[in-house]
Amino acid sequence: SQRALLWTARFGKAEEYIDRLNYRHFELGESASLRSTVVAACEDAGLERGAAEEFLNTDELADKVWQSYGDTIRKHNIHSIPFFVFSVPQLNLVGGPFRGGGPEQGHRGGRPRGKGEPWIVN
């Protein structure tokens, strides 16, 4: 998804791509790491599916992504990946983005609601 973000920027579509990827990931529950999700988000942003597939078949821009990761962790002294869980028990909203209810609760993903409080490990 990071390489695709850089690729979509070439066409002035980076913001639209990341918006569509976030929608698919956080609202539809599709993994942002899956190629099918990345390609669909590119297509949603107005780019051709075949062109996205062709780009993803290469290693193009991988060096830029890895350089960015390395620069970021060194600059900010990052030693682990943060994990956020947003809960508002007063509104019966418990857990992260994949714990939402089905369409009857206004959630588009249609997945069953998570049960119980999430475990928070720090």
Side-chain angles (χ1 to χ4, degrees):
S1 62
Q2 296 297 312
R3 286 192 319 119
L5 177 62
L6 297 175
W7 179 73
T8 59
R10 294 176 176 172
F11 309 100
K13 298 283 190 173
E15 189 171 338
E16 192 170 351
Y17 160 75
I18 204 67
D19 180 63
R20 302 313 300 160
L21 183 68
N22 285 338
Y23 169 76
R24 288 180 166 281
H25 180 71
F26 291 110
E27 295 191 40
L28 301 181
E30 299 174 7
S31 173
S33 299
L34 289 178
R35 182 186 183 108
S36 59
T37 305
V38 170
V39 170
C42 288
E43 191 172 36
D44 292 346
L47 297 166
E48 291 182 23
R49 175 178 283 278
E53 291 276 7
E54 186 176 317
F55 167 74
L56 292 172
N57 285 336
T58 72
D59 287 335
E60 190 177 345
L61 299 174
D63 58 334
K64 300 287 186 202
V65 171
W66 284 113
Q67 179 183 350
S68 174
Y69 286 163
D71 292 348
T72 300
I73 63 174
R74 284 186 290 280
K75 177 181 179 183
H76 298 288
N77 194 28
I78 297 171
H79 54 82
S80 61
I81 298 172
F83 176 72
F84 301 97
V85 176
F86 301 96
S87 296
V88 185
Q90 298 86 340
L91 299 176
N92 197 29
L93 300 173
V94 180
F98 301 110
R99 297 177 66 88
E104 65 280 357
Q105 287 91 24
H107 190 276
R108 290 181 232 172
R111 291 172 311 281
R113 181 161 180 76
K115 298 191 190 280
E117 294 289 326
W119 291 14
I120 305 203
V121 180
N122 192 357

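Computation of the quantities below employed the complete heavy-atom set of this structure, encompassing side-chain atoms and omitting hydrogens, waters and symmetry-equivalent molecules.
Closest approach of Ser1 to Leu21, counting heavy atoms only: CB-CD2, 3.7 Å. Between Val38 and Ala4, the shortest heavy-atom distance links the atoms CG1-CB, 3.5 Å. The shortest heavy-atom contact between Cys42 and Trp7 is SG-CZ3, 4.0 Å. Contact detail for Asp44 and Arg24: the closest heavy-atom pair is OD2-NE, 2.7 Å.
In summary, Asp59 and Arg3 do not engage in a salt bridge, as defined by a charged side-chain N under 4.0 Å from a carboxylate O. Using a cut-off of 4.0 Å between Lys/Arg side-chain N and Asp/Glu carboxylate O, Arg10 and Glu60 are scored as salt-bridged.
Once rounded to the nearest 0.5 Å, the distance linking OH of Tyr69 with CZ of Arg74 reads 14.0 Å. Interatomic distance, His76 NE2 to Asp71 CG, rounded to the nearest 0.5 Å: 10.0 Å. Expressed to the nearest 0.5 Å, how far CZ of Phe55 lies from OG1 of Thr8 amounts to 9.0 Å. Atoms CG and OG, from Leu61 and Ser68 in turn, are 11.5 Å apart once rounded to the nearest 0.5 Å.
Phe26 and Leu34 fall into different hydrophobic clusters, where Ile, Leu, Val, Met, Phe, Trp and Tyr residues are linked whenever their side-chain heavy atoms come under 4.5 Å apart, directly or through other members. Under the 4.5 Å side-chain heavy-atom criterion for ILVMFWY residues, no single connected hydrophobic cluster contains both Leu28 and Val39. Linking Ile, Leu, Val, Met, Phe, Trp and Tyr residues whenever their side-chain heavy atoms come within less than 4.5 Å places Phe11 and Leu56 in a single cluster.
Residues Glu43 and Leu47 fail the side-chain proximity criterion, which asks for heavy atoms closer than 4.5 Å.
Listed for the Thr37 side chain is a donor-acceptor partner under 3.5 Å among the backbone atoms of Ser31. Between the side chain of Arg35 and the main chain of Glu53, a donor-acceptor pair closer than 3.5 Å is present. Not one N or O on the side chain of Asp19 forms a donor-acceptor pair closer than 3.5 Å with the backbone of Glu15.
Note that Arg20 lies outside the cation-pi zone of Tyr17, set by a 6.0 Å cut-off to the ring centre and a 45° limit from the axis.
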